[in-house]
**Student:** 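Structure incoming, see below.
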Amino acid sequence: MDELYNAAAVERAAQAHWTARDAFRTREDASRPKYYACSMLPYPSGKLHMGHVRNYTINDVMYRSLRMQGRNVLMPMGWDAFGLPAENAAIDKKVAPAEWTRANIADMKSQMQPLGLAFDWSREIATCDPSYYRWNQWLFLKMLEKGIAYRKTQVVNWDPVDNTVLANEQVIDGRGWRSGAIVEKREIPGYYLAITQYAEELLDYTQHKLDGWPHQVRTMQENWIGRSYGVTLGFPYEITGPVTDLPPKGVLRVFTTRADTIMGVTFVALAAEHPLATHLARSNPALAAFIEECKKGGVAEAEAATMEKKGMATGFSVAHPLTNERIPVWVGNYVLMGYGEGAVMGVPGHDERDFAFAKRYGLPIKQVIADKTGQHQYDTSAWQPWYGDKEVAVCVNSGKYDGLTYEAAVDAVAADLAAKGLGEKQVRWRLRDWGISRQRYWGTPIPIIHCADCGPVPVPEKDLPVVLPEDLVPDGTGNPLNKDERFLACTCPKCGKPARRETDTMDTFVDSAWYFMRYCCPDADRMVDQRADYWMPMDQYIGGIEHAVLHLLYARFWTKVMRDLGLIKFDEPFTRLFTQGMLLAECYYREDAAGRRRWYYPSEVDVKYDEKGRPVGAVALEDGQPVLFGGIEKMSKSKNNVVEPRDIIERFGADTARAYVMFAGPPAESAVWSDSGAAGVQRFLRKLWTVCRTIHESSAAQAAARFTPVDQSALTPKQADVRRAVHTSLKQALHDYDRIQYNTVVSACMKMLNSIDSEEARSSVPLAFESIGILLRTLYPIAPHVTHVLWSEMGFAEKYGDLLDAPWPVVDEAALKQDEIEVVVQVSGKLRGRVIIPADADENVARDAALADANVQKFVGGKPVRKVVYVRGKLVNIVV
RNA sequence: GCCCGGGUGGCGAAACUGGUAGACGCAAGGGACUUAAAAUCCCUCGGGGAUCACUCCGUGCCGGUUCGAUUCCGGCCCCGGGCACCA
């Protein structure tokens, strides 16, 4: 055994061993329980950062610990290879997205290699390979046949200068990111997937079946799907004067969840794109101008929700469905055409947004809800939130509905509307169908051919895949496929005449909706084969909380569609979900006269402390002048705080990098990278090496005793203390492995080593070896290289086999037993002392021991004891 | 704006089901070893008070429930994630 811990040598040796054994190739095996643990596939940006290291180490720790517990574990890796960044790189560097992407994949893979992650690379997938995306196209065609995929118009961000569609991310403060032009909304045709057909089932499963998912993710999905019960009602109107495209008599439809407030309607607001608004604008230039104004700006909901609420009266009115009263019609910039009916009824008395709108435009506010408990007075000077409280609200000023509570009022109103043919109860979903068309080059081609005679025609299955040419270079002015005659030219599958290929590509969420099934059978000549039946549903999915809704909901939907097509037999793809946190890093900067910031890499900065160890400032190493602390931020190139695995592995070794990112904080929460924290973990691994070497060498004379079982009854009290400490830490570690709290597993390993590094521990060879054997196996999933080498060098491998498949350590309950224990004594809930009592003491013994304590007596002070609370083995509380 | 999380020493954190707040580690200060440096080891380390036995305060803020609250309930403040074309 080397005298000192040499991470580089240890890691080379361990990895060579695993490679020689082909240790991580996984096969379907009916004889062992399977476990499929998978990380969300990364985008191949080219840079592997420590955040990736954290994510994949969590997965790897899971893999290795479960494998030791006898599971047949699958941990695959692949690449979410289509997407916008490759097109941006193309614009920037004039390199084809395909070339850039494949180079990045190779580079990231090479940076992953030294970490010793147990990926089964034989199952690697890149979503930009035709062998993968042909199945996106194939399933899309199946969905068209079933009516799940369909074509309709969509509203997109339009850059009028670059003449291109922009992603929400590319709209900055309402302007195009490259051109700076004010973005407009534009309607274009596109393909949709009818996820709303599955809304009911998705919601039902979210609420009742996904008990292996974090609660907050389930709640977010539930709210996103958003079932609401309400009433759709119509406001009749007549158009006089020059009739254009609308019938002379019509009904303006709105949906409301508060039909009980129907007598409080004082206006109706239309979306700018509403057909009635379009009609009215023909004879009203001011309105037409306002509608034009509303079309400015992007389509993002956050933008719409935060912008100033503006409106304009149209001069037109509709009839109240129950009273026939004239209700003025407005156009409002906050009413969304793509949502509900594109029109809302305005009840300013009892809806916060309508209230603000009415205040701004001087519309009447009418009270129709009162507090039956009398606690709240109605007041129109400021918004009050109690109207929404169905426990207190009753109708007033509402004629026959006066005095009714929410549910009774809604029922009565719905019945009256139904009798007039002007409304009915309805269930609505917030969830909208999934628009998958992207006016971009680097994605899965949508397999459609446009024929002048036949319209859009699906590509026949035998012609799949429609292969994306890989040599085009986007320049920021639209999809280069539109100029590529080789791709465009084709013949209509129906009539055989010359036709044009669809150039829109699919949303990359399509790629990520089912890749985890393809990992099971990456070479299958079908979309999935029987190997997917073995591995799926996935036992543990791991990824960022930022995917809580969109990706996870699309993957669930896609799974249900595949099930209904008979391709798979399960309802939900992910049995358990774990959402990990981000890895952040400190950043430092200096500002020049123009306010531009120069960001310093943390290693270029020296932090100064006061005498209590509090940081008081920082200086740049290059000139000794002060720099400012920029806070703890997500690692980003622009802030120069990206920590690169290559550097870290060179300085500390992969085991330290892995163990530190596990130790830095709970896996589910964000953590901060710290060089000195990593140095502390490295000290721990160095100490582990030295302690192992000392024990190994000092026991050379008693080699036969090394693997003999420990005789608990023969231990001295101090040796028993060591053994108890080791098994107590082991118990904690095993529990924390189960609940995916790997930071405290590292703590437990540190505690174990602190216990083992003692005279008492070394005084018994069987005890020392048992303890080290437990520690090596407990630490192995986190720091596999160093533990692998020590395991072999100390002779454990010869005795128990390769650490990869060594038996998982078990707690010996006998080691935890204690004759006497310390319990805490409280007087009226405040800590006043500690007493030693027999472990099996009952309440009376504990109480007497507690009362005998001098400090306890001081606080009891002769006052009568009202009550004694005894928590067995923990505390006595004397209430006076 | 709407939905979902989070807030504990100088720092990362721990406390599993309402029961000793701060385990484990980092930074800092003091000391040992050494020609020196590195490495290693020992001591101190939430704040205030103290007769150095101990005591008061302390888990974002305000209030409540309880013998007992970081943990449960109500209200508020701040930070993070998502909002359907970033992935």
Side-chain angles (χ1 to χ4, degrees), chain A residues 4 40 42-43 45 80 83-85 154 156-157 165-171 214-217 219-220 222-224 226 298-307 334 338 352-353 431-440 507-509 512 544-551 553-554 579 581-582 607 609-616 634 660 663-666 669-672 674 676-681 683-684 686-687 690 732 735-736 739 741 743-744 746-751 754 822-831 834 854-855 858 866-869 871 874-875 877-880:
Chain A
L4 290 174
M40 290 180 186
Y43 182 79
S45 60
D80 190 11
L84 205 50
Q154 51 181 346
V156 295
N157 302 307
V165 175
L166 298 178
N168 283 336
E169 174 186 73
Q170 297 171 315
V171 179
H215 183 258
Q216 83 252 35
V217 176
T219 308
M220 277 189 265
E222 208 177 307
N223 292 337
W224 185 266
V299 299
E301 194 197 304
E303 191 185 327
T306 48
M307 80 191 164
Y334 63 93
E352 186 166 8
R353 197 174 54 182
L431 184 67
R432 310 203 292 264
D433 278 346
W434 174 14
I436 58 157
S437 290
R438 298 291 178 270
Q439 295 66 45
R440 272 188 260 289
D507 181 4
T508 55
F509 277 127
S512 55
I545 186 70
E546 67 273 21
H547 296 293
V549 177
L550 292 178
H551 158 60
L553 200 57
Y554 292 146
T579 55
M582 283 184 307
V607 181
Y609 299 92
D610 68 9
E611 73 284 356
K612 290 208 161 175
R614 279 173 229 164
V616 288
K634 196 165 162 174
Y660 174 70
F663 185 54
E669 280 162 43
S670 63
V672 183
S674 142
S676 56
V681 171
R683 272 199 283 277
F684 161 65
R686 270 204 294 261
K687 182 167 156 185
T690 327
Q732 185 201 321
H735 180 245
D736 291 343
R739 57 174 183 154
Q741 206 181 72
N743 53 326
T744 45
V746 179
S747 296
C749 290
M750 288 172 168
K751 286 183 199 177
N754 290 342
E822 184 186 77
V823 298
V824 160
V825 184
Q826 295 181 338
V827 179
S828 298
K830 290 221 170 216
L831 175 68
R834 291 152 208 276
N855 201 48
K858 195 170 104 194
R866 264 178 48 211
K867 187 173 167 186
V868 175
V869 181
V871 182
K874 279 201 168 152
L875 81 111
N877 187 11
I878 295 160
V879 185
V880 297

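Just so it is clear, the structure is predicted and the values come from calculations on it, not from any experiment. Each chain gets a letter, A, B and so on, in the order its sequence line appears, and its residues count up from 1.
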**Student:** Within the distance-only criterion (no hydrogens, no angle test), does the side chain of A/Glu669 pair as donor or acceptor with the backbone N or O of A/Pro666 below 3.5 angstrom?
**Tutor:**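 Here the side-chain-to-backbone pair does not exist.
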
**Student:** Could you tell me how far B/rA13 sits from B/rG63 if I compare only their C1' atoms? Round to whole Å.
**Tutor:**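 The answer is 29 Å between these two C1' atoms.
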
**Student:** Distance between the P atoms of B/rG31 and B/rG58, in whole angstroms?
**Tutor:**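 The answer is 36 Å between these two P atoms.
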
**Student:** Under a 3.5 Å cut-off for both distances, is B/rG5 Watson-Crick or wobble paired, and to whom?
**Tutor:**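 Pairing partner: B/rC79.
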
**Student:** Taking the nucleotide of RNA chain B with the closest heavy atom to each, which residue, A/Ser670 or A/Arg440, is nearer the 5' end?
**Tutor:**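 Whichever sits nearer the 5' end wins; that is A/Ser670.
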
**Student:** Which nucleotide sits closest to the side chain of A/Ala167: B/rC85, B/rC67, B/rA14?
**Tutor:**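 For A/Ala167, the side-chain atoms sit closest to B/rC85.
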
**Student:** Base, sugar-phosphate alone, or nothing: which one does A/Phe509 contact when heavy atoms must sit under 4.0 Å apart?
**Tutor:**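 Answer is base: heavy atoms of A/Phe509 come under 4.0 Å of a base.
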
**Student:** Side chain of A/Asn877, heavy atoms from C-beta onward: which of B/rC86, B/rG19, B/rA23 has the nearest atom to it?
**Tutor:**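 Output: B/rG19.
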
**Student:** What's the shortest heavy-atom distance between A/Arg440 and A/Ala167, and which atoms?
**Tutor:**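 That closest heavy-atom pairing would be NH2-CB, 3.9 Å.
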
**Student:** Of the options B/rA15, B/rA84, B/rC85, whose atoms approach the side-chain atoms of A/Arg739 most closely?
**Tutor:**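 Output: B/rA15.
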
**Student:** Of the non-hydrogen atoms in A/Phe663 and A/Val681, which two are nearest, and what is the gap between them?
**Tutor:**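 Looks like CD2-CG2, 3.9 Å.
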
**Student:** Tell me whether B/rC52 sits syn or anti, counting syn as a glycosidic angle within 90° of 0.
**Tutor:**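 With its glycosidic angle within 90° of zero, B/rC52 counts as syn.
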
**Student:** For A/Arg866, is the CZ atom crowded, meaning more than 12 foreign heavy atoms sit under 6.0 Å from it?
**Tutor:**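 At most 12 heavy atoms, drawn from other residues, nucleotides or ligands, come within 6.0 Å of this atom.
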
**Student:** Need one value for A/Val165: base, sugar-phosphate or nothing, where a base atom within 4.0 Å counts as base even if backbone is also close, heavy atoms only.
**Tutor:**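 Touches a base.
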
**Student:** Check every atom of B/rC3, B/rC54, B/rG19 against the side chain of A/Asn855 and return the nucleotide holding the closest atom.
**Tutor:**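 Nearest listed nucleotide: B/rC54.
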
**Student:** Which value, in whole Å, describes the distance between the C1' atoms of nucleotides B/rG19 and B/rU70?
**Tutor:**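 Approximately 13 Å lies between the C1' atom of B/rG19 and that of B/rU70.
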
**Student:** What distance, rounded to whole Å, do you find between the two P atoms, one in B/rG5 and one in B/rU59?
**Tutor:**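 Going atom to atom, P in each nucleotide, I get 23 Å.
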
**Student:** Could you tell me whether A/Met220 contacts a base, only the sugar-phosphate backbone, or nothing, with contacts defined as non-hydrogen atoms closer than 4.0 Å?
**Tutor:**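 Base: the residue A/Met220, judged by heavy atoms under 4.0 Å, touches a nucleobase.
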
**Student:** In terms of base orientation, is B/rG9 syn or anti, with the syn window spanning 90° either side of 0?
**Tutor:**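 For B/rG9, whose glycosidic angle is within 90° of 0, the conformation is syn.
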
**Student:** Does the side chain of A/Gln216 get closer than 4.0 angstrom to OP1 or OP2 of B/rG80 through an N or O atom?
**Tutor:**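 Negative; the distance criterion is not met.
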
**Student:** Counting side-chain heavy atoms from CB outward, which of B/rC83, B/rG81, B/rA14 is closest to A/Thr744?
**Tutor:**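 Of the candidates, B/rA14 comes closest.
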
**Student:** Side chain of A/Gln439, base of B/rC85: donor and acceptor closer than 3.5 Å?
**Tutor:**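 Indeed there is one.
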
**Student:** Starting at the 5' end of RNA chain B and moving along, which residue's nearest nucleotide shows up first, A/Val299 or A/His735?
**Tutor:**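 Going by which nucleotide is closer to the 5' end, it is A/His735.
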
**Student:** So what does A/Val672 hit on the nucleic acid, given a heavy-atom distance under 4.0 Å: a base, only sugar-phosphate, or nothing?
**Tutor:**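 No contact at all - A/Val672 keeps every heavy atom at 4.0 Å or more from the nucleic acid.
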
**Student:** Nearest whole Å is fine: how far is B/rA39 C1' from A/Arg686 CZ?
**Tutor:**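 Checked: the CZ to C1' distance equals 7 Å.
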
**Student:** Counting distance only, does the side-chain N/O of A/Asn157 pair as donor-acceptor with the main-chain N or O of A/Val299 below 3.5 Å?
**Tutor:**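 Flag set: sc A/Asn157 to bb A/Val299 pair under 3.5 Å.
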
**Student:** Please classify the nucleic acid contact of A/Leu84 as base, sugar-phosphate, or nothing, using heavy-atom distances under 4.0 Å.
**Tutor:**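 Since only primed, P, OP1 and OP2 atoms lie under 4.0 Å of A/Leu84, the category is sugar-phosphate.
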
**Student:** Distance check: side-chain N/O of A/Arg683 vs OP1/OP2 of B/rA39, anything under 4.0 Å?
**Tutor:**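 Answer no for this pair, as no side-chain N or O of A/Arg683 is under 4.0 Å from OP1 or OP2.
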
**Student:** State whether A/Arg438 places a side-chain N or O below 4.0 Å from either non-bridging phosphate oxygen (OP1 or OP2) of B/rC85.
**Tutor:**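 Answer is yes, contact under 4.0 Å.
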
**Student:** Tell me whether B/rA32 sits syn or anti, counting syn as a glycosidic angle within 90° of 0.
**Tutor:**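 Anti.
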
**Student:** Could you tell me whether A/Glu822 contacts a base, only the sugar-phosphate backbone, or nothing, with contacts defined as non-hydrogen atoms closer than 4.0 Å?
**Tutor:**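 It contacts nothing in the nucleic acid.
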
**Student:** Touch check for A/Thr508, heavy atoms < 4.0 angstrom, all strands: base, sugar-phosphate only, or nothing?
**Tutor:**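 Contact class for A/Thr508: sugar-phosphate only.
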
**Student:** C1' atom, B/rG7 versus B/rA14: distance in rounded Å?
**Tutor:**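 It comes out at 16 Å once rounded to the nearest Å.
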
**Student:** Given B/rA23, B/rA87, B/rG1, which nucleotide is nearest the side-chain atoms of A/Tyr43?
**Tutor:**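 So the side chain of A/Tyr43 is nearest to B/rA87.
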
**Student:** For the P atoms, the ones on B/rC26 and on B/rC41, what distance do you get once it is rounded to whole angstrom?
**Tutor:**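 Between the two P atoms, the distance is 10 Å.
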
**Student:** When the P atoms of B/rC24 and B/rG74 are considered, how many whole Å apart are they?
**Tutor:**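 The answer is 36 Å between these two P atoms.
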
**Student:** Taking OP1 and OP2 of B/rA23, is either one under 4.0 Å from a side-chain nitrogen or oxygen of A/Asn754?
**Tutor:**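 Indeed not, no polar side-chain atom of A/Asn754 lies that close.
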
**Student:** When the P atoms of B/rG22 and B/rA15 are compared, how many Å lie between them, rounded to an integer?
**Tutor:**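 Taking atom P in both B/rA15 and B/rG22, they lie 13 Å apart.
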
**Student:** Below 3.5 Å, does any donor atom in the side chain of A/Arg834 face an acceptor in the base of B/rU20, or the other way round?
**Tutor:**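 Side chain to base: pair present.
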
**Student:** Shortest non-hydrogen contact from A/Ser512 to A/His551?
**Tutor:**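 Where A/Ser512 meets A/His551 most closely, the heavy atoms are O-CE1, 3.0 Å.
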
**Student:** Of all the nucleotides listed (B/rA14, B/rG19, B/rG81), which has the minimum atom distance to the side chain of A/Val869?
**Tutor:**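 Shortest atom-to-atom distance from the side chain points to B/rG19.
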
**Student:** Taking only the side-chain heavy atoms of A/Gln826 (C-beta and beyond), determine which of B/rU20, B/rC85, B/rC4 contains the nearest atom.
**Tutor:**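 Shortest atom-to-atom distance from the side chain points to B/rU20.
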
**Student:** Base, sugar-phosphate alone, or nothing: which one does A/Ile878 contact when heavy atoms must sit under 4.0 Å apart?
**Tutor:**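 The residue A/Ile878 makes no contact with any strand.
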
**Student:** Do A/Asn877 and A/Lys830 meet the criterion of a side-chain donor-acceptor pair at a distance under 3.5 Å?
**Tutor:**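 The answer is no; no qualifying pair exists.
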
**Student:** Measure from the side-chain heavy atoms of A/Glu301 and tell me the nearest of B/rA87, B/rG1, B/rC24.
**Tutor:**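 Looking only at heavy atoms from C-beta outward on A/Glu301, the closest nucleotide is B/rG1.
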
**Student:** Counting only Watson-Crick or G-U wobble pairs whose two distances fall under 3.5 Å, which nucleotide matches B/rG74?
**Tutor:**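 Per the H-bond distance test, B/rC62.
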
**Student:** Does the side chain of A/Asn223 get closer than 4.0 angstrom to OP1 or OP2 of B/rC2 through an N or O atom?
**Tutor:**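 For B/rC2, OP1/OP2 do not have a side-chain N/O of A/Asn223 under 4.0 Å.
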
**Student:** For A/Ala548, answer base if it contacts any base atom (sugar-phosphate contacts may also be present), sugar-phosphate if it contacts only those atoms, and nothing otherwise; contact means non-hydrogen atoms under 4.0 Å.
**Tutor:**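 No contact at all - A/Ala548 keeps every heavy atom at 4.0 Å or more from the nucleic acid.
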
**Student:** Will you find, in the side chains of A/Gln741 and A/Thr744, an N or O donor that is under 3.5 Å from an N or O acceptor?
**Tutor:**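 Note: A/Gln741 and A/Thr744 side chains meet the donor-acceptor criterion.
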
**Student:** Base, sugar-phosphate, or nothing: which does A/Trp434 touch, judged by heavy atoms less than 4.0 Å apart?
**Tutor:**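 The answer is nothing, as A/Trp434 stays clear of every strand by at least 4.0 Å.
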
**Student:** Pick base, sugar-phosphate or nothing for A/Pro214, based on heavy-atom distances below 4.0 Å to the nucleic acid.
**Tutor:**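 Answer is nothing: A/Pro214 stays at 4.0 Å or more from every strand.
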
**Student:** What are the two closest non-hydrogen atoms of A/Gly544 and A/Met40, and how far apart are they?
**Tutor:**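 That would be N-SD, 3.9 Å.
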
**Student:** Just call it for A/Gly435: base, sugar-phosphate, or nothing, with non-hydrogen atoms closer than 4.0 Å on any strand.
**Tutor:**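 Sugar-phosphate contact only - A/Gly435 comes under 4.0 Å of backbone atoms but never of a base.
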
**Student:** Return the nearest nucleotide to the side chain of A/Lys874; candidates are B/rG19, B/rC86, B/rC83.
**Tutor:**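 Given the options B/rG19, B/rC86, B/rC83, the side chain of A/Lys874 is closest to B/rG19.
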
**Student:** For B/rA14, does OP1 or OP2 lie under 4.0 Å from any side-chain N or O of A/Asn743?
**Tutor:**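 For B/rA14, OP1 or OP2 has a side-chain N or O of A/Asn743 closer than 4.0 Å.
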
**Student:** Tell me whether the side-chain N/O atoms of A/Lys830 come closer than 4.0 Å to OP1 or OP2 in B/rC57.
**Tutor:**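 Yes.
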
